[in-house]
Amino acid sequence: MTVPHALHERIFVALDTADLAQAQRLVAATRGLVGGYKLGKEFFTAHGPQGVRQAVGAAPLFLDLKFHDIPNTVAGAVRAARALSPRFMTLHASGGPAMMQAAADAAAAGGADRTRLLAVSVLTSLDDRDLGAMGQHGPVEMQVARLAKLAADCGMDGAVCSPLEVVTLRGLLPEAFALMVPGVRPTWAASGDQKRVMTPADALALGASYLVIGRPITAAEDPAKAAGRIVDQLTDLGAP
Ligand code: C5P
């Protein structure tokens, strides 16, 4: 998958809100300064597909609904999402090979501008003990690598991963496999509840394809300025 050259296009702003007006304000303030917007279950459950387009307009959309169901149902959901033309969508790799392959087939029918499917491996809220309790083999890093490899083998276009997983996954996966990376913080922003963060420039230098950035932009007094500052810093550092 080709990653955009323009650095700002590699930033997706996480609109973690169920408030349509707030999402619209953030999009209006930052449109053109970033690559697109991520909306998730919170917003989608409150406002549905119509609300999604009201929020982001024609801007590239990362629809983070993390599907996990039987193959037929997930394929149907991927087809149904086509009306929104999301640039990216997510599904759980733990849904298994048949589910991912069915989703890939459904996405492929969208043609050249089709939605790219990103696999979610192990949620960062889970630790080795949780995996054991669920009958999964740890440690977490190994399970992340196993699931990401499986996702690539099953036709997924990429994965969502922590900045700390980028180096390992880059070494295991094809170059065209996109890594969408949240948990990044510019040096001047508070880390909030993110425990293991990395700067945007470092994450890109290590091989991240795209960055998901929420509060450093959305909670800033001036979101446009914050987005511009992040992109400028990437440019100054000559991030790849
Ligand atoms: O505000 P912040 O930059 O921490 O937002 C990061 C976004 O990425 C949120 O939407 C969060 O749910 C998401 N995310 C994450 N860590 C993961 C997976 C997703 O922070 N492991």
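Both ligands and their constituent atoms are indexed starting at 1 by order of listing. We number each residue from 1, following the sequence as shown. Quick caveat, the model's predicted, so the values are computed rather than measured.
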Does a side-chain N-to-carboxylate-O contact under 4.0 Å join Asp193 and Lys195?
no
Which pairs, with at least one residue in residues 160-181 and sequence neighbours excluded, count as a salt bridge (Lys or Arg N to Asp or Glu O under 4.0 Å)?
none
If we only count heavy atoms from C-beta on, is the Ile230 to Ile217 side-chain gap below 4.5 Å?
yes
Report yes if some heavy atom in the side chain of Val166 is under 4.5 Å from a heavy atom in the side chain of Met198; otherwise report no.
no
Provide, line by line, the atom pairs where ligand 1 and the protein bring an N/O atom each to a distance under 3.5 Å; else say none.
unit_1, atom_1, unit_2, atom_2, d
ligand 1, 1 (O), Arg215, N, 2.7
ligand 1, 1 (O), Arg215, NE, 2.7
ligand 1, 3 (O), Arg185, NH1, 2.9
ligand 1, 3 (O), Gly214, N, 2.8
ligand 1, 4 (O), Arg185, NH2, 2.7
ligand 1, 4 (O), Gln194, NE2, 2.9
ligand 1, 4 (O), Arg215, NH2, 2.7
ligand 1, 10 (O), Asp16, OD1, 3.0
ligand 1, 10 (O), Asp16, OD2, 2.8
ligand 1, 10 (O), Lys38, NZ, 2.9
ligand 1, 20 (O), Gln194, NE2, 2.7
ligand 1, 21 (N), Thr124, OG1, 2.9

Taking the six-membered ring for Trp, is the centroid-to-centroid distance between Tyr210 and Phe88 below 6.0 Å?
yes
Please determine whether a side-chain nitrogen of the Lys or Arg among Arg185 and Asp202 lies less than 4.0 Å from a carboxylate oxygen of the Asp or Glu.
no
